[in-house]
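This report refers to the structure that appears directly beneath it.
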Protein chains: 6
Amino acid sequence: MTAQGETATTIDPRLLAASTKADVLSQALPYIRAFSGKTVVVKYGGHAMEDRALAELFAIDIVLMRLVGIQPVVVHGGGPQISDLMRRLGKEPEFVDGRRVTDGETVDIARMALVGKVNREIVTAINRHGPHAVGVSGEDANLLRVRQRDPRLGFVGEIESVDATLLVRLLREELIPVVATIGIGDDGQPYNCNADTVAGAIAEALRAEKLVYLTDVAGIYADWPDEASLVEAIDLDGLEALVASGAVSEGMIPKVESCIAALRSGVRRAHVLDGRLPHALLLEFFTDEGVGTMVSGPGR
Amino acid sequence: MTAQGETATTIDPRLLAASTKADVLSQALPYIRAFSGKTVVVKYGGHAMEDRALAELFAIDIVLMRLVGIQPVVVHGGGPQISDLMRRLGKEPEFVDGRRVTDGETVDIARMALVGKVNREIVTAINRHGPHAVGVSGEDANLLRVRQRDPRLGFVGEIESVDATLLVRLLREELIPVVATIGIGDDGQPYNCNADTVAGAIAEALRAEKLVYLTDVAGIYADWPDEASLVEAIDLDGLEALVASGAVSEGMIPKVESCIAALRSGVRRAHVLDGRLPHALLLEFFTDEGVGTMVSGPGR
Amino acid sequence: MTAQGETATTIDPRLLAASTKADVLSQALPYIRAFSGKTVVVKYGGHAMEDRALAELFAIDIVLMRLVGIQPVVVHGGGPQISDLMRRLGKEPEFVDGRRVTDGETVDIARMALVGKVNREIVTAINRHGPHAVGVSGEDANLLRVRQRDPRLGFVGEIESVDATLLVRLLREELIPVVATIGIGDDGQPYNCNADTVAGAIAEALRAEKLVYLTDVAGIYADWPDEASLVEAIDLDGLEALVASGAVSEGMIPKVESCIAALRSGVRRAHVLDGRLPHALLLEFFTDEGVGTMVSGPGR
Amino acid sequence: MTAQGETATTIDPRLLAASTKADVLSQALPYIRAFSGKTVVVKYGGHAMEDRALAELFAIDIVLMRLVGIQPVVVHGGGPQISDLMRRLGKEPEFVDGRRVTDGETVDIARMALVGKVNREIVTAINRHGPHAVGVSGEDANLLRVRQRDPRLGFVGEIESVDATLLVRLLREELIPVVATIGIGDDGQPYNCNADTVAGAIAEALRAEKLVYLTDVAGIYADWPDEASLVEAIDLDGLEALVASGAVSEGMIPKVESCIAALRSGVRRAHVLDGRLPHALLLEFFTDEGVGTMVSGPGR
Amino acid sequence: MTAQGETATTIDPRLLAASTKADVLSQALPYIRAFSGKTVVVKYGGHAMEDRALAELFAIDIVLMRLVGIQPVVVHGGGPQISDLMRRLGKEPEFVDGRRVTDGETVDIARMALVGKVNREIVTAINRHGPHAVGVSGEDANLLRVRQRDPRLGFVGEIESVDATLLVRLLREELIPVVATIGIGDDGQPYNCNADTVAGAIAEALRAEKLVYLTDVAGIYADWPDEASLVEAIDLDGLEALVASGAVSEGMIPKVESCIAALRSGVRRAHVLDGRLPHALLLEFFTDEGVGTMVSGPGR
Amino acid sequence: MTAQGETATTIDPRLLAASTKADVLSQALPYIRAFSGKTVVVKYGGHAMEDRALAELFAIDIVLMRLVGIQPVVVHGGGPQISDLMRRLGKEPEFVDGRRVTDGETVDIARMALVGKVNREIVTAINRHGPHAVGVSGEDANLLRVRQRDPRLGFVGEIESVDATLLVRLLREELIPVVATIGIGDDGQPYNCNADTVAGAIAEALRAEKLVYLTDVAGIYADWPDEASLVEAIDLDGLEALVASGAVSEGMIPKVESCIAALRSGVRRAHVLDGRLPHALLLEFFTDEGVGTMVSGPGR
């Protein structure tokens with residue numbers, strides 16, 4: 001990993017000599033070999049999803065990962081899009097402890113926004129490069145079984161179990177599942193779920209090689225908001241100590257907890273990447289540039 | 001087939017003698033044998049979709065078909081639901097020649113209504129009986145490639161090609177695809193499509209055994225609106241003659257034309273069923289009751 | 001289960017309203033789902049085999065089970081048919097403790113009667129509904145390895161081991177094995193075997209979901225011959241207690257012992273059904289009518 | 001091929017030097033290579049089946065063929081055994097034009113004799129060397145569909161079609177099908193069939209490499225009964241000419257006609273072997289000894 | 001394609017900004033997608049094989065191609081290595097019309113040099129990056145059947161047939177075959193073969209997407225030795241015209257003729273690349289740089 | 001087993017009566033059955049490899065084993081051929097403790113001799129009987145990972161691990177791997193290895209049924225060089241006692257130690273055969289002649 005502030009030369013690649021291009025490509029070889037055939041769960045959201053240009057680059061990164069043999073699964077939420085649709089339908093979003101109060105009408109709206117809009121846009125962006133992506137909701141083939149988290153929140157789901165059979169089948173067919181995080185209760189009732197948590201649970205169920213969070217920050221900070229305290233690499237024990245110390249920022253908590261749970265269940269590595277950087281995934285996977293915080297599982 | 005008006009005894013089946021139940025079951029044997037392993041495309045819509053009790057029975061029928069070895073594919077539209085969401089978002093639906101004028105905002109709304117709401121409700125209803133159904137949009141894995149039908153209509157799609165690979169894969173995994181009829185243009189632009197036409201095109205692409213339309217009428221009439229003119233069975237030539245004679249009602253035209261195209265392309269039989277009858281599919285598939293119009297393909 | 005004596009209406013199903021038929025069919029759904037893909041061993045014999053009309057209904061039941069995804073294996077004996085052929089060949093049947101004395105000529109005759117006649121008739125009856133059934137003798141591919149039970153009985157076999165490979169292969173090919181209970185000794189000598197015992201041993205070897213005995217009685221009685229003492233459901237412990245109490249009738253002993261052995265080895269449920277009832281299997285498998293005694297395995 | 005009368009040395013192989021044994025084995029190499037993976041239909045009957053010692057050697061030959069990669073299918077009749085069982089049951093066999101008059105009782109007896117006795121004995125003899133053989137009747141899985149040949153003969157079947165699916169499945173599982181030649185009519189009625197004809201029809205259906213008749217004669221004679229006229233090799237045209245000339249003996253006609261039909265349908269070679277010679281099959285398949293008449297198909 | 005003389009910036013890639021690296025990688029996407037799953041035959045030789053540093057880069061290029069889903073087959077000769085070993089063994093190489101006179105001792109030496117030395121070095125270089133490569137001689141599993149080309153040349157082979165089964169199997173197992181061009185005569189006699197010709201014949205047999213020659217020149221020249229006459233792209237007709245005009249240099253003839261034959265047999269494109277350029281394969285396959293001459297097959 | 005000195009009749013097999021030939025063949029049945037599908041590793045070397053006639057018979061034996069369903073793997077060294085090529089290249093072979101001193105040039109020469117000459121000749125000899133054999137070097141797909149045994153010896157390898165994946169794949173494709181014993185170090189450096197040891201390690205890795213050494217002696221002697229002390233059969237404990245007693249000859253030590261290691265790791269039986277006997281493998285595998293020493297694994 002190199003320091004983020006480094007003054008490297010930014011050049012239009014069309015001006016590079018052929019030999020320089022070839023060198024960049026050939027230096028990707030050990031990374032491609034290392035990840036070939038591995039499953040990677042990418043939580044997609046925030047700025048990287050809202051900025052159209054970044055969204056386009058994200059799609060390219062995902063397709064490139066697929067083509068070199070990685071099996072990516074994309075998991076997304078869409079809080080702002082839900083709030084936006086609610087307001088357009090004359091309904092004011094309301095939150096308790098940072099979680100959306102979700103009555104019957106709201107879960108219907110959330111489903112339309114997530115499954116009918118956000119999910120579709122991600123699928124379409126990927127499929128511009130080939131017929132790879134398939135939209136999936138947590139309700140399909142009972143992927144996400146949930147129960148109510150808290151009666152005050154209404155239809156906000158807490159994951160009970162993940163049946164990843166459908167995802168395994170789609171991956172086996174070399175497709176890229178894009179998962180909207182609507183879960184299903186015993187009674188067939190849909191529930192809205194926290195996408196960070198769902199991503200971790202799916203990574204566990206698939207025994208993924210990596211769980212990657214694309215976020216709007218540079219990574220995990222040892223002493224937030226001190227920018228100099230950005231952590232480049234940490235192990236599971238270290239991360240647990242950091243959480244215990246109270247140093248982790250509030251918004252980062254669901255991601256960090258999901259990382260810890262996933263690593264404990266056999267996922268090898270978790271990453272918190274800065275999704276505001278163009279091609280953040282490519283850089284992390286195929287170059288020796290570091291673009292966020294890497295957390296290693298036990299004994300690795 | 002029996003006449004629709006027949007006065008047979010309606011009895012609570014719990015009061016039937018065991019032997020009567022056994023007889024009903026055993027009389028389904030030849031039908032189960034005949035359809036085992038066959039693919040059937042069911043266009044679902046109208047009253048059968050809007051009435052909650054009928055929708056519940058529809059889900060049971062589809063699951064039962066799957067369990068006895070039939071491979072059902074459900075295709076649905078949702079015009080009323082699109083109009084409803086448009087109005088809630090302050091946008092008045094507008095039609096030209098019976099087709100919805102679909103600007104960029106409208107296709108977004110249509111997608112939310114079809115993929116994010118109607119499709120979800122069908123999937124959920126089926127999955128209450130087991131993890132069978134998977135929601136699919138025509139955009140997934142480039143299932144429906146379309147082009148613009150008419151510039152005045154905006155993003156209303158005309159089918160260019162169907163790539164049924166994804167459906168074949170899902171059927172092979174014993175899943176039930178439920179297809180929302182959003183197609184995709186060359187540029188990745190989503191288009192709204194006529195569900196009757198999509199159902200026919202998918203039946204062609206899958207070389208289905210049957211194409212079934214669940215409608216709000218008793219079947220095809222030889223002399224609409226004369227109720228006595230209901231056609232029970234007709235062959236392809238007869239149906240083409242009927243269309244040429246101008247006797248087919250306007251709303252029936254896309255269905256009838258899709259039937260004709262599908263039968264010409266190798267689908268064996270097409271049916272226009274009365275979806276207002278409880279268990280219309282079960283009756284048509286597993287008893288000698290007739291519940292609509294059957295159209296036979298050439299040479300059968 | 002309902003009481004056996006209940007006065008439900010017996011009606012020609014052709015007179016039933018379509019809706020009643022559809023209801024009967026749709027009520028089979030949970031049963032079809034529950035048994036799909038499960039293996040069921042049916043010991044066939046007695047009145048149900050000798051009465052031509054009942055035999056026809058039995059064939060329909062077996063084929064229907066197969067078509068809805070159950071994997072039935074039929075096991076049959078044929079004591080009366082063996083005695084009949086012996087007498088026609090001028091040889092008087094002789095029994096010791098209820099078991100046939102079987103010299104070399106008798107085992108030859110038994111084999112002709114079982115493999116060459118009874119087995120053929122069952123296969124033919126089933127295959128009238130499709131090319132499903134394949135006759136199998138315990139000698140084929142060494143399915144039933146036996147040793148001599150008692151020198152006084154001659155060639156009466158006691159099961160040493162079951163090699164169910166052939167049955168598994170036939171089931172995988174969606175065929176219905178019909179097994180004649182001739183076993184084979186180490187020296188290639190054929191032995192006649194008790195069909196009740198063979199059925200249980202095959203159910204064990206296949207780890208079947210159910211073992212079903214079609215008999216000439218209403219079920220197991222807690223206090224034979226008191227008709228009021230018919231047991232509808234009992235668990236393994238209860239059945240063992242019943243046997244210990246001496247309450248089980250003599251003819252029922254091999255069935256009851258095979259049930260107990262099979263349930264102890266992992267078969268989930270055993271049934272003693274009244275084979276004199278038309279469609280006894282359909283009723284037991286696909287309706288909530290009870291038609292005999294059900295014995296549950298441990299912990300279910 | 002060598003002349004049949006040659007005076008070669010007959011020696012107990014235990015007295016042979018190791019090197020001589022090794023030479024005999026190594027000389028089988030080109031034959032084993034040539035037949036590996038090929039299907040061979042062997043019509044078994046006559047002396048080779050009735051003589052217990054020859055029957056034992058036949059079983060060894062068949063198992064050895066299987067072990068070196070050939071896929072043998074055994075087809076057998078059993079005229080003498082049928083007549084014998086008829087007489088024991090007090091019924092005098094009756095023939096018209098050399099074919100058995102077969103009333104309902106007779107076909108029942110034939111089935112018991114063929115399926116219940118002869119077939120069993122062949123299966124048992126083979127399975128003494130390993131769990132290879134599976135008895136099959138033409139009724140199983142609708143293998144042999146027949147119609148009545150001649151009303152005067154009763155239930156004597158003429159082959160309408162062969163559905164070899166079951167045989168293909170058994171061969172794929174490396175099993176040896178042993179086929180009793182009972183066919184089945186449209187109505188489920190069993191018919192007795194000529195085993196020579198059935199063997200040819202099955203060879204056609206399987207597109208076998210070879211069709212072999214084990215007979216009680218030295219082969220086909222150009223001028224029967226002149227022993228010097230034994231034909232060692234002949235092609236299809238030659239054999240047809242021989243038939244046209246009237247030189248073929250009556251008993252040989254069904255074999256010769258089946259050979260001709262099979263060779264015309266793509267079977268490569270047909271053989272009429274002397275089944276009275278010990279190990280006739282081994283000699284024909286694995287040495288350069290000729291033991292009968294070989295007929296080559298067109299263009300080979 | 002860009003002109004070869006262009007003055008692009010050559011920079012140590014470690015000094016490039018992350019974003020530039022990411023851009024180079026992402027620009028490879030369309031090429032990776034286009035070649036995924038395609039078979040490519042690479043004739044390897046000349047300077048690229050003799051220069052240790054270039055050989056190392058060649059191995060990296062081949063492994064990278066494999067990892068992104070291309071199926072490369074490497075074919076090599078080794079004239080200088082044969083001559084060198086001959087001289088070390090005291091035998092002076094001799095040529096007729098540019099082809100080596102190859103007596104029995106020479107073909108033995110050629111085999112040792114090609115199979116025992118050159119082939120091993122290529123396999124080892126590739127396998128430093130993972131267990132991908134498997135050395136193959138044309139004698140293995142009868143890959144290359146040849147006959148004598150010219151009695152004056154001795155054991156120089158002309159290809160009679162290519163049995164690519166072994167290569168297909170190795171490719172299916174995701175291995176990289178490295179082929180030494182020793183062929184085998186009917187009598188088991190080894191022959192030395194021209195590697196350019198073998199590469200073309202293998203490309204034909206595999207119906208490869210591309211046939212690539214790595215040479216010591218910049219490509220095909222329209223007017224050799226005028227350097228300005230380098231051809232960047234040409235179609236099959238154009239190339240044939242060039243040959244007819246006599247403009248092609250002598251050393252290029254076997255390559256050009258093999259290109260023509262391969263393109264006529266269904267190979268889509270042939271390339272003559274400058275193997276002296278580092279990473280020539282990477283540049284040709286994954287960037288829009290052109291590094292030699294591309295010949296298109298008919299109708300592409 | 002019979003005594004080796006026995007005076008059995010050696011006869012040209014063409015003079016044997018057909019019945020004698022058939023008896024020899026049929027007596028191979030139990031052996032063919034016992035070894036069908038089993039993997040056998042044969043270390044080939046010494047006189048059997050150098051004598052052209054014996055080499056021809058060896059090829060026949062190996063092909064015959066393959067055709068009757070055994071999966072042979074041939075492992076060979078070639079010390080004399082290496083020394084010969086060294087001398088021809090003006091380099092005098094040098095040994096320390098019986099192992100060749102192997103500098104960089106020598107390992108290159110060894111590779112040419114083993115992979116480029118000896119291996120080729122074995123492959124060619126086998127492939128004269130069909131496209132069965134594929135030459136493999138320990139470097140292919142990283143089959144043999146080694147480390148330096150002793151700095152004084154240079155590039156003489158000691159086995160670190162065997163990755164038998166490539167062999168398993170080739171066997172699955174019904175090919176015969178012929179392995180040259182060049183191993184590969186971590187740095188890609190080739191090493192020459194002891195073929196006796198490699199054969200044992202490969203037998204272990206494949207969990208072979210048998211490990212067979214073809215040698216230039218009659219077998220293992222209990223009291224070398226007393227010829228009367230030849231051991232026909234011994235178990236693992238016995239062999240270890242023999243080694244401990246110092247009675248085993250020096251040249252036999254690597255074979256005996258490899259036998260012991262292989263039998264401890266699950267190989268069932270090891271054999272030291274006299275490769276000077278024609279068809280030694282055939283005799284050992286398919287007759288009751290014994291041709292050397294058999295060592296049984298524990299508990300067999």
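Computed from a predicted structure; not experimentally measured. Just so we're on the same page: letters track the sequence lines, and every chain starts at 1.
Only the side chain of E/Thr287 comes within contact range of chain A, with at least one heavy atom under 4.5 Å from a heavy atom of that chain.
Closest non-hydrogen pair, A/Ala22 versus E/Leu283, comes out as CB-CD2, 3.9 Å. The two residues A/His129 and E/Arg33 have their closest heavy-atom pair at O-NH1, 2.5 Å. Nearest heavy atoms, A/Lys21 versus E/Val24: O-CG1, 3.9 Å.
In A/Glu227, the CD atom is not crowded: 12 or fewer heavy atoms of neighbouring residues, nucleotides or ligands sit closer than 6.0 Å.
Expressed to the nearest 0.5 Å, how far CG of E/Leu281 lies from CG of A/Leu25 amounts to 12.5 Å. Atom CD1 in A/Ile32 sits 6.5 Å away from atom CD1 in E/Ile32 (nearest 0.5 Å).
Contact residues of residues 54-75 of chain A toward chain E are A/Ile60, A/Val63, A/Leu64, A/Leu67, A/Val68 (heavy-atom distance under 4.5 Å).
By the side-chain contact (heavy atoms from CB on, under 4.5 Å) test, E/Thr165 pairs with E/Asp163, E/Arg169, sequence neighbours left out.
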